[in-house]
Amino acid sequence: MIDSKLLLDQYDATVRRLARKGVDPALPGEARQLAIRRLELVRQVESLRQERNAGATRIGELMREKRQDEAEPLRAEMGELSSRLEAAEAEMRLAQDDLDDVMSRIPNLPADDVPDGRSDADNVVLRTERYDPDDYKGRDWEPHWDIGERLEILDGKRAAKLSGAMFAVLKGDGARVLRGLTALALDIHRDSYEEIIPPHLVRTEVITKTGHLTKFDTQAYRLRDDELWLIPTGEVALMGLHQEEILNEADLPRRYMAYTVCWRREAGAAGKETRGLQRLHEFHKVELVKLCRPEDGDAEFESLVADAARPLEMLGLPYRVVELCAGDLTFSAARVYDLEVYSPGVDRWLEVASISLVTDFQSRRGQIRFRREAGGNELVHALNGSGLATPRVWAAVVEHGLQLDGSVRLPPALVPYAGIEVIKEKGSPS
RNA sequence: GGAGGGAUGGCAGAGCGGCCGAAUGCGAAGCUCUUGAAAAGCUUUGGGAUGCAAGUCCCCGUGGGUUCAAAUCCCACUCCCUCCGCCA
């Protein structure tokens with residue numbers, strides 16, 4: 001949620017900033033009217049309450065002085081006032097609910113230096129590392145799902161038998177590669193991020209306040225018999241950690257990482273772009289989250305991008321950094337960089353990490369604050385990014401490792417973690 | 001799943017329907033004293049809304065109710081703890 005005061009104090013500028021994200025001005029306009037209405041009602045209610053309190057105190061005094069006869073008429077008067085107050089309070093609550101409802105549909109403001117644009121076509125490639133199209137000419141490349149089935153490390157048929165489309169079964173060396181990737185990622189960040197193993201089921205309240213559950217976002221799976229949700233990303237659990245807390249300024253920044261399973265309903269049919277491990281209902285991910293002071297947000301963002309790129313560097317994968325334009329930013333982000341790895345098997349860039357500067361958008365709803373040493377409490381700024389999203393990185397490692405004899409050579413950095421160097425076809429000579 | 005107990009400030013822990021945003025203790029911060037430290041003394045020490053400010057208003061797990069007036073009485077819910085059962 002953005003600060004509703006912005007709609008009262010800096011309306012025009014706010015509408016302009018939201019417009020860059022493609023928000024119809026009618027929405028902030030409606031919110032502004034509701035905010036004004038709420039303020040009027042708050043003032044009205046408070047003055048009525050002041051009157052009531054004064055009257056009640058007076059009655060108390062009269063009672064103590066045994067002046068019943070004087071108290072009685074006042075008491076009748078106060079009864080009447082109280083019912084007026086009750087009505088005003090009910091109206092105020094309604095106005096507050098209406099305002100919250102509209103505010104929850106307004107996305108975060110884009111950072112001012114985010115490029116203009118409407119869709120992913122307007123995103124900006126900031127840099128490309130280790131990619132040369134010539135490297136991929138003159139030989140055949142194979143998509144990871146074919147390699148996986150051939151080497152018997154990925155079993156799409158049985159995954160479908162167990163759970164349906166967009167699920168995966170990894171076997172043998174395939175499973176070891178996944179386990180190795182997560183261990184690698186956790187090790188890389190062990191000195192700068194505190195590792196957390198959170199619950200994978202969270203309360204409605206927690207997932208709502210992270211902005212991952214809204215009226216139009218039904219990504220998350222819900223348990224039938226309990227008021228709990230399967231986390232769609234570790235971010236939900238990590239951001240939930242400090243909800244309703246006031247941290248000390250000296251304790252910031254907080255940097256957390258968590259290796260979790262992520263579940264997403266991914267409403268919409270399976271198809272060409274979801275083959276293999278490209279998009280799954282259930283996958284494993286190492287997530288990075290930071291909470292920091294507002295003034296440190298930009299620097300923390302830059303270092304988070306570097307941290308997210310580090311595993312790709314170590315694995316020797318060609319990747320590029322893409323800055324999302326204002327119109328393509330996610331709902332709660334002020335700035336997003338995507339890391340995309342080149343997949344020779346499908347000849348596409350696949351998003352393997354998304355790093356977001358969320359500013360105070362999530363902490364406002366979750367009430368995650370910090371106490372300034374100079375005095376006063378403020379909302380923390382939050383950032384999140386993938387430390388390593390296993391399925392797509394798994395796919396990239398397998399596709400890039402493909403050798404002319406059909407086997408797959410793992411990147412040297414992964415070897416100690418996976419415990420193997422080359423994945424060969426079963427029964428082939430070793 | 002069954003039985004009982006509880007929820008008040010950073011923590012512990014009082015709180016007759018009005019003088020209670022709330023005693024007291026601990027913790028923390030500042031100051032005094034001291035060569036320094038400790039000890040002692042003094043002071044400060046929750047969150048939020050509204051307002052230029054003074055102030056006013058709200059918050060004692062959450063939501064309702066009774067009342068002129070609720071931390072205090074009533075109802076519902078949630079969570080936590082203990083014991084029993086089940087269990088990796």
Side-chain angles (χ1 to χ4, degrees), chain A residues 1-10 31-101 103 197-209 213 222-229 237 240-252 254 261 291 360 363-380:
Chain A
M1 231 172 5
I2 64 169
D3 189 351
S4 61
K5 279 204 194 77
L6 289 173
L7 298 168
L8 295 172
D9 302 339
Q10 305 172 38
R32 178 183 160 85
Q33 290 313 310
L34 290 168
I36 291 169
R37 166 130 183 89
R38 177 195 152 267
L39 200 51
E40 281 167 2
L41 288 166
V42 164
R43 288 180 182 140
Q44 188 188 333
V45 163
E46 288 197 356
S47 87
L48 283 172
R49 283 210 273 238
Q50 191 171 352
E51 247 184 279
R52 180 205 56 189
N53 290 349
T57 305
R58 182 66 189 141
I59 291 172
E61 284 166 7
L62 293 173
M63 300 294 275
R64 230 168 300 124
E65 292 164 16
K66 309 274 186 232
R67 291 154 71 182
Q68 286 282 352
D69 48 326
E70 287 176 68
E72 274 317 314
L74 192 52
R75 184 181 268 190
E77 198 182 314
M78 286 300 114
E80 192 268 332
L81 180 79
S82 246
S83 53
R84 262 198 295 153
L85 173 60
E86 223 165 293
E89 281 174 331
E91 220 179 324
M92 180 183 74
R93 268 195 301 273
L94 270 175
Q96 182 72 59
D97 290 348
D98 289 348
L99 176 62
D100 288 346
D101 192 56
M103 288 305 294
I197 298 185
H200 289 65
L201 302 177
V202 298
R203 299 175 192 282
T204 304
E205 205 186 349
V206 170
I207 189 170
T208 304
K209 286 180 177 171
L213 186 67
R222 175 193 202 159
L223 298 205
R224 194 191 61 189
D225 294 331
D226 295 277
E227 262 305 302
L228 291 169
W229 300 76
L241 240 32
H242 293 297
Q243 274 182 13
E244 314 285 333
E245 287 184 24
I246 301 175
L247 304 167
N248 291 317
E249 184 173 4
D251 293 334
L252 297 179
R254 304 295 286 240
V261 183
L291 303 177
D360 60 8
S363 42
R364 175 165 296 104
R365 186 174 289 189
Q367 284 297 296
I368 310 174
R369 290 169 291 174
F370 75 101
R371 206 183 317 278
R372 284 274 186 200
E373 263 149 41
N377 299 327
E378 287 177 45
L379 296 167
V380 303

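Everything quoted here is computed from the prediction, not taken from an experiment. Chain letters run A, B, ... following the sequence lines, proteins first and then strands; every chain starts at 1.
Base pairing analysis places B:C31 opposite B:G41; the two distances defining the Watson-Crick or G-U wobble pair are each below 3.5 Å. Using N1 to N3 plus N6-O4 or O6-N4 for Watson-Crick, or N1-O2 and O6-N3 for G-U wobble, each under 3.5 Å, B:C19 pairs with nothing. Using Watson-Crick or G-U wobble geometry with both donor-acceptor distances under 3.5 Å, B:G51 finds no partner in any strand shown. Nucleotide B:A71: unpaired (no Watson-Crick or G-U wobble partner with both distances less than 3.5 Å). Taking a pair to require two hydrogen-bonding distances under 3.5 Å in either a Watson-Crick or a G-U wobble arrangement, B:G6 pairs with B:C79. Across all strands shown, B:G85 has no partner, as no Watson-Crick or G-U wobble contact with both distances under 3.5 Å is found. Partner assigned to B:C60 is none, using Watson-Crick or G-U wobble distances below 3.5 angstrom.
Nucleic acid contact class of A:I246 (heavy atoms, under 4.0 Å, all strands): sugar-phosphate only. Residue contacts for A:R52: at a heavy-atom cut-off of 4.0 Å it reaches the sugar-phosphate backbone alone, with no base atom in range. Within the nucleic acid shown, A:L74 has no heavy atom closer than 4.0 Å to any nucleic acid atom. As judged by a 4.0 angstrom heavy-atom cut-off over every strand, A:G79 is placed among residues touching the sugar-phosphate backbone only.
Remark: P of B:A49 and CG of A:L99 are 13 Å apart, rounded to the nearest angstrom. Put simply, CD1 on A:I36 is 14 Å from P on B:U50, counting in whole angstrom units. Protein atom CZ of A:R38 is 15 Å distant from nucleotide atom P of B:C58, rounded to whole Å. B:C57 atom P lies 13 Å from atom CG of A:L81, rounded to whole Å. Following rounding to the nearest Å, A:E244 (CD) and B:G48 (C1') show an atom-to-atom distance of 12 Å. With rounding to whole Å, A:R58 atom CZ is found 18 Å from B:G18 atom P.
OP1 or OP2 of B:G51 has at least one side-chain nitrogen or oxygen of A:R43 nearer than 4.0 Å. For the pair A:S82 and B:U67, the criterion of a side-chain N or O lying under 4.0 Å from OP1 or OP2 is not met. Proximity of A:R369 to the phosphate of B:G48: a side-chain N or O atom is located under 4.0 Å from OP1 or OP2.
Closest to the A:K5 side chain, of the nucleotides B:G47, B:C58, B:U50, is B:U50. Counting only heavy atoms from C-beta on, A:L39 has its side chain closest to B:U50 among B:U50, B:G18, B:C57. With B:A69, B:G46, B:A49 as the choices, the nucleotide that has an atom nearest any side-chain atom of A:R371 turns out to be B:G46. Out of B:G18, B:C58, B:A49, the shortest distance to the side chain of A:N53 is found at B:C58. Among the nucleotides B:G51, B:C68, B:G47, the one closest to the side chain of A:I59 is B:C68.
The pair A:E89-A:R93 does not meet the salt-bridge criterion, since no charged nitrogen lies less than 4.0 angstrom from a carboxylate oxygen. The pair A:E244-A:R369 fails the salt-bridge criterion, with no side-chain N (NZ, NE, NH1 or NH2) lying under 4.0 Å from an Asp/Glu carboxylate O.
Between A:R75 and A:S47, it is A:S47 whose nearest contact on RNA chain B lies nearer the 5' terminus. Both A:T57 and A:V45 lie near RNA chain B, and the one whose nearest nucleotide falls closer to the 5' end is A:T57.
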